[in-house]
Amino acid sequence: MNKEKIQKIVIEKIAEILQVNPVNDMKAYEKSDCDLMKDIGLDSILLIQLVVELENIFGITFELERMEIEQVRNFNKLIDYISKQNKIT
């Protein structure tokens, strides 16, 4: 699975959690500092829900005790983390 497919899945999952239509314009997510809480509107509970659902979708484990919060809150860092867990380059 390539990064673009991972991005699409994550965006669709965020839209589902927020109960909105998926964002067609990737520009909001592509900013290097896109904060899922500040820029997209997830609160801490919804962010945890996203992490759990992404673990199930991708068959990965977020080792939160070893991660910085920015790896989960920042869209691009989140995609990179999922990609690395799936051994995508």
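Just the heavy atoms: all of them, side chains too, but no hydrogens, waters or symmetry mates, feed the values below. Numbers for residues simply follow the sequence, beginning at 1.
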Candidates N74, L78, I40 - the one meeting side chain to side chain contact (heavy atoms under 4.5 Å, CB included) with C34: I40
Using side chain to side chain contact (heavy atoms under 4.5 Å, CB included) as the criterion, point out the one residue from L42, L47, L54, L50 that pairs with V72.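 That would be L47.
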Which is it for D80 and K3 under the side-chain contact (heavy atoms from CB on, under 4.5 Å) test, yes or no, and what are the steps along the way? CA-CA 8 Å; D80 287 343; K3 279 190 175 186; 2.8 Å; yes
Are [Y] and [X] connected in a single hydrophobic cluster, I mean Ile/Leu/Val/Met/Phe/Trp/Tyr linked by side-chain heavy atoms less than 4.5 Å apart?
X	Y	answer
I6	V52	no
F62	I48	no
I14	I60	yes
V10	M1	yes
L36	I57	yes

Whether E53 side chain and K13 backbone form a donor-acceptor pair below 3.5 Å: no
Side-chain donor/acceptor of Q19 to backbone N/O of E16, under 3.5 Å: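 Not confirmed, Q19 side chain does not pair with E16 backbone.
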What's the separation between atom CD1 in I69 and atom CG in D35, rounded to the nearest 0.5 Å?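 Reported to 0.5 Å precision, the distance equals 9.0 Å.
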If you round to the nearest 0.5 Å, how far is NZ of K77 from CG of D33? 9.5 Å
For R73 against K38, the heavy-atom pair lying closest together: NH2-N, 4.3 Å
Check F58 against N86 and note the closest heavy-atom contact, atom names and distance.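 Smallest interatomic distance, heavy atoms only, reads O-OD1, 3.8 Å.
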Please walk me through it: do E4 and K8 pass salt bridge (charged side-chain N to carboxylate O under 4.0 Å, His left out)? CA-CA 6 Å; E4 290 79 23; K8 184 176 188 259; over 6 Å; no
May I have the step-by-step check of side-chain contact (heavy atoms from CB on, under 4.5 Å) for T61 and Q85, ending in yes or no? CA-CA 8 Å; T61 301; Q85 292 295 310; 5.9 Å; no
Just wondering, do D39 and F75 contact through their side chains at under 4.5 Å, heavy atoms? no
